[in-house]
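Have a look at the structure below before the remarks.
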Amino acid sequence: MLKFIRPNVPLIITSLCLFLVVGCETPQQNIPQNGSLLKAPTSASKKNSNSNNNINDVEGLRQRIVDVYAKYWPLISSEYQHEQLPDVLGDPMYEIRIFGIERVGVFLRDGEATEEELQLVVDRLMDEDPSVRLAASKILPEINVVGLAEHVANVMANETSLDVVEQELIYFQTNSHSKAIQPTIDRMQQDPDGAAANALIFLLNNNEVTDKTQRKILRIVLKSRQKSNLPSLITLEAMLGSDLNKRGLINMLDHPDESIQISVAKGFAYAGFEEPLIERADNSLMYMYALSALQKNVDIDSFIKLLSVRKENEPNWDAAAFSIASSLNTRDLLRADDMLKRLKLDELRLSILNDVWKNAAEKSEAAQKAIARRIVPLMVDRGDPIGALQLLDTLDIDDESLNDDDLITLIFTTAINASAWDAAADARPEPSLWITEWQKVVNSDPTAANVIKKQIVQRFRDLLTRDQMILLDISQKNEPTIETP
């Protein structure tokens, strides 16, 4: 029985490469038949000719080797390619290392690249050959390994190839690390029209920098802006410039070129320079930047301004309101909550208050109780009385709180809604408020009213006045005991 044997393709490639080497070492020579017809070359011309021929032969050979890899590599199984890639990425020929990087790029886009392969590609950023470093830098935006941004920032600071630096700057247009800021500034000083400005915009949006660093960047930008209206430079001026600089850019928000409008709006949003953007909030593009600018200034005034540009059913406005309100101090938070309540935005109110409550332990007892008074009724109205009661249980109810009639009533009504009868009785051990709660639901929810009435009879029958018994339609005669559901 014949057994199929898989061909050893790497061996085939190696053999072909060896064949090419041998062929190149002994090139075929064309010897003229009639030497007298040719002028004999001088020794110097012979030497130069031989040198050029040797260089061409070597370059041709190297290219033929790469061509063999490119032609026969796909014949290797994917599993075996993975096994061979570490050796390929470390090959003495820089062309083969580039080939290996490209193959890892293919695996990466197919979702098949291994962590080891990606790390080996990252290591090629320190390769001795700039063309290899360039190949590795081009696929950086596609790579996600731990510590990559810091590593790229470190190697960029010492990179000598401008082409490689440009690719690394493109990486920092979507990835951030504080160590990348200084080499990016240095590069922008050398080439203001390159990728550095856009990288710096992203880095500034994701890192805190000193005022000194901001001033240094602004000096470079203002000098470069004398010769260029590059949108990224305009954005940096709008981000870091003085009020005078910013006001000089306002007219550009109405520029016929939309890219110029966006460049200014983006910078104003970063700086929280919201007024010119609010004035143009009817423009859907400016509206989004106005929302971003308002979120830079977290205070009640920004929240009030935000209300002035509210649009119905606008998720981005809701997100901005959430961002500002959840960062306010308790006094201003309650003011903002009142404003949202008037607009009947109870879902948004609940999400904001829930977020604030996550850090309630850091607030004073008075602040906790004030927030609880707002959030608990919302939770009850939305069908979570048990959660509301659990929230109230976290409060420290001291002797002073026991004199807080509104808080005790809140605990009682929440317990009633949660059917936590003992907790309700602890809060209000007299029948009058129980009867009030019964009256609230007697017509709208007879079933719930009946349950409350049974609790009243069971717990307070002996305390009921004649008028209360009439109201509840309870006979004064002895009645059988009513079991609590």
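- The number of heavy atoms from other shown groups lying within 6.0 Å of CD (E208) does not exceed 12.
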side-chain hydrogen bond (donor to acceptor under 3.5 Å, both in side chains) between T409 and D406, intermediate numbers included: CA-CA 5 Å; T409 299; D406 289 341; 5.6 Å; no

Show me, pair by pair, the donor-acceptor contacts under 3.5 angstrom made by side chains of residues 439-451, not counting sequence neighbours?
{"unit_1": "K440", "atom_1": "NZ", "unit_2": "E437", "atom_2": "OE2", "d": "2.9"}
{"unit_1": "D445", "atom_1": "OD1", "unit_2": "A448", "atom_2": "N", "d": "3.3"}

Just do the side-chain hydrogen bond (donor to acceptor under 3.5 Å, both in side chains) check on D163 and Q167 with the steps written out, would you? CA-CA 7 Å; D163 290 337; Q167 291 299 319; over 6 Å; no

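- Contact check on R374 versus D338 returns a salt bridge, with a Lys/Arg side-chain nitrogen under 4.0 Å from an Asp/Glu carboxylate oxygen.
- T210 and R215 share no donor-acceptor pair across their side chains, judged by distance under 3.5 Å alone.
- Note that CG of L340 is 5.0 Å distant from CD1 of I352, once rounded to the nearest 0.5 Å.
- We find that D127 and R97 are joined by a salt bridge, their nearest charged nitrogen and carboxylate oxygen being less than 4.0 Å apart.
- Note: E237 CD to M239 CE = 12.5 Å, rounded to the nearest 0.5 Å.
- The local environment of CG in N144 is sparse, with at most 12 non-hydrogen atoms from other residues, nucleotides or ligands closer than 6.0 Å.
- Relative orientation of the F107 and H82 rings is parallel, given thresholds of 30° and 60° on the angle between their planes.
- For the residue pair S242 / N245, a side-chain donor-acceptor distance below 3.5 Å is found, with atom types taken as modelled.
- Between the side chains of D257 and S259, at least one donor-acceptor pair of N or O atoms lies under 3.5 Å.
- Taking the six-membered ring for Trp, W317 and Y287 have ring centres at least 6.0 Å apart.
- Of the inter-residue distances, the one linking Q295 atom CD with F303 atom CZ reads 11.5 Å to the nearest 0.5 angstrom.
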